[in-house]
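Structure, as structure tokens:
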Protein chains: 2
Amino acid sequence: MKRRKTPTKEAVLEVLTKAGKAMSQDAIEQQISIDINRATIYRVLNRFCDDGVLHKIVAENGKQYFALCNDCEEQHNHDHFHFRCTQCETVECLPVEVNLAIPKGYLVENMNCVISGVCKTCV
Amino acid sequence: MKRRKTPTKEAVLEVLTKAGKAMSQDAIEQQISIDINRATIYRVLNRFCDDGVLHKIVAENGKQYFALCNDCEEQHNHDHFHFRCTQCETVECLPVEVNLAIPKGYLVENMNCVISGVCKTCV
DNA sequence: ATATTATTGCGATTCTATTGCAATAATAAA
DNA sequence: TTTATTATTGCAATAGAATCGCAATAATAT
């Protein structure tokens, strides 16, 4: 399935790039000037995830956040921690790698590590 | 608010103790022989969390899982990883501590680290 | 200019979790 | 033991996030 270039995709990417953080669907929608349907935004976000452009983080509040991928070539590798600030409700990718000795016999497919608290801006 | 001893609380604790894993509300409900309302189970689980008996993990599927606390005395300290098996849909506490250098200026309140994949039983 | 089909909008739907309120039952007090 | 107090429960309604089906639209190829 060949992808097409659409205003929605451009707008979503622009918002995420500018923010430099992970964002939820509703936060992204708020930042887009043109009116785009909620379902469409979700579909665009999920497509970007499939294509290795974005990665998805699920915070302890159960919400999904999407952030730009840095170096996901063939497959996603998001072995870094995320920080969710309960004050400003933002999620950012920390430059800290997740590093653990996985017990024998376990097959790792994905990592979802979120630290929450107050970020350095709000502290 | 003083807590009371009720059949629901006993049943929930028994199930979680037997399982030795983190469980979701619906999984717990299935394991309880007597019929208990969904809302009640959630309330019991959340109360246990408040009281330091259980801790809550939110997986990448957005669902909440509850597990017994080991050594939470004054406050919760769940600095360990969790593993969610996408095959058998269980979540277990790994005996591996989360160990990261938190960037300066950040105030940590909670950790929610879930690795997902296939557990050693299903592999 | 036309055909193809990826993408979108809309409304409905699913799923998880929570809440208000009256009824029930565990515990304290008499 | 009986009565009073109030934590707990059940039920139905509600909130909130995310997804889905389907027809309409629009990006790209012909």
Side-chain angles (χ1 to χ4, degrees), chain A residues 1-16 22-51 53-67 84 86 89-91 110 112 114 116, chain B residues 1-16 22-51 53-67 84 86 89-91 110 112 114 116:
Chain A
M1 182 167 329
K2 211 180 234 172
R3 301 299 186 205
R4 293 179 180 175
K5 186 177 170 184
T6 70
T8 302
K9 295 171 76 170
E10 294 186 331
V12 167
L13 267 194
E14 192 194 322
V15 166
L16 279 170
M23 295 177 77
S24 60
Q25 177 277 323
D26 54 297
I28 293 171
E29 187 174 336
Q30 282 181 357
Q31 294 298 316
I32 296 181
S33 48
I34 52 175
D35 193 54
I36 303 172
N37 186 271
R38 177 178 59 244
T40 300
I41 296 182
Y42 273 115
R43 276 187 286 228
V44 164
L45 289 169
N46 285 325
R47 250 177 266 146
F48 276 145
C49 285
D50 291 342
D51 297 346
V53 179
L54 300 179
H55 62 286
K56 183 192 291 190
I57 309 111
V58 178
E60 346 79 81
N61 59 1
K63 282 182 73 172
Q64 303 180 347
Y65 294 82
F66 300 85
R84 168 166 168 264
T86 52
E89 276 303 335
T90 65
V91 173
N110 190 31
N112 194 77
V114 182
S116 61
Chain B
M1 184 174 316
K2 211 180 233 171
R3 302 298 185 205
R4 293 178 180 177
K5 186 178 170 184
T6 70
T8 301
K9 296 172 75 168
E10 293 185 331
V12 168
L13 268 194
E14 192 194 321
V15 166
L16 280 170
M23 295 178 77
S24 60
Q25 177 275 324
D26 55 297
I28 293 171
E29 186 173 339
Q30 282 181 357
Q31 294 298 317
I32 296 180
S33 49
I34 52 175
D35 193 54
I36 304 172
N37 186 270
R38 178 177 60 244
T40 302
I41 297 183
Y42 272 116
R43 276 188 285 231
V44 164
L45 289 170
N46 285 324
R47 249 177 266 145
F48 276 145
C49 285
D50 291 342
D51 297 347
V53 179
L54 300 179
H55 62 286
K56 182 191 294 190
I57 309 111
V58 178
E60 345 78 82
N61 58 3
K63 281 183 71 173
Q64 302 180 348
Y65 294 83
F66 300 85
R84 169 167 168 263
T86 52
E89 276 302 338
T90 65
V91 173
N110 189 32
N112 192 77
V114 183
S116 61

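Chain identifiers are assigned alphabetically (A, B, ...) following the order of the sequence lines, protein sequences preceding nucleic acid strands; residue numbering begins at 1 within each chain. Here the structure is a predicted model, which is why all the values come from computation and not from measurement. Heavy atoms only: backbone and side chains are in, while hydrogens, waters and symmetry mates are out.
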| Rounded to the nearest 0.5 Å, how far apart are CG of B:Asn46 and CD1 of B:Ile41? |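 It comes to 12.0 Å.
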| request: To the nearest 0.5 Å, tell me how far A:Glu89 CD sits from A:Tyr65 OH. | output: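 The CD atom of A:Glu89 sits 5.0 Å away from the OH atom of A:Tyr65.
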Whole-Å gap separating [atom2] ([N]) and [atom1] ([X]):
| X | N | atom1 | atom2 | answer |
| --- | --- | --- | --- | --- |
| B:Leu13 | D:dT8 | CG | C1' | 15 Å |
| A:Glu29 | C:dT8 | CD | P | 14 Å |
| B:Gln30 | C:dT16 | CD | C1' | 15 Å |
| B:Met1 | D:dT6 | CE | C1' | 9 Å |
| B:Glu60 | C:dT16 | CD | P | 15 Å |
| B:Ile57 | C:dT16 | CD1 | P | 17 Å |
| B:Glu10 | D:dA7 | CD | C1' | 15 Å |

| said: Within the 4.5 Å heavy-atom criterion, are A:Leu45 and A:Leu16 side-chain neighbours or not? | reply: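 Result yes, sub-4.5 Å side-chain heavy-atom pair found.
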| said: Main chain of B:Ala39, side chain of B:Asn37: is a donor-acceptor contact present, judged purely on distance under 3.5 Å? | reply: yes
| message | So does A:Lys63 get a backbone contact from the side chain of A:Asn61, meaning a donor-acceptor N/O pair under 3.5 Å? | response |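 Yes.
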| message | Can you tell me if A:Thr8 touches the phosphate of C:dT7, counting only side-chain N or O atoms and a distance under 4.0 Å to OP1 or OP2? | response | no
| query | Would A:Glu60 and A:Arg84 pass as an ion pair if we require N to O under 4.0 Å? | reply | yes
| note | The contact string for nucleotides 17-30 of chain D, one letter per nucleotide 5' to 3', using protein heavy atoms under 4.0 Å with B, S and - for base, sugar-phosphate only and none, comes out as SSBBB----BBSS-
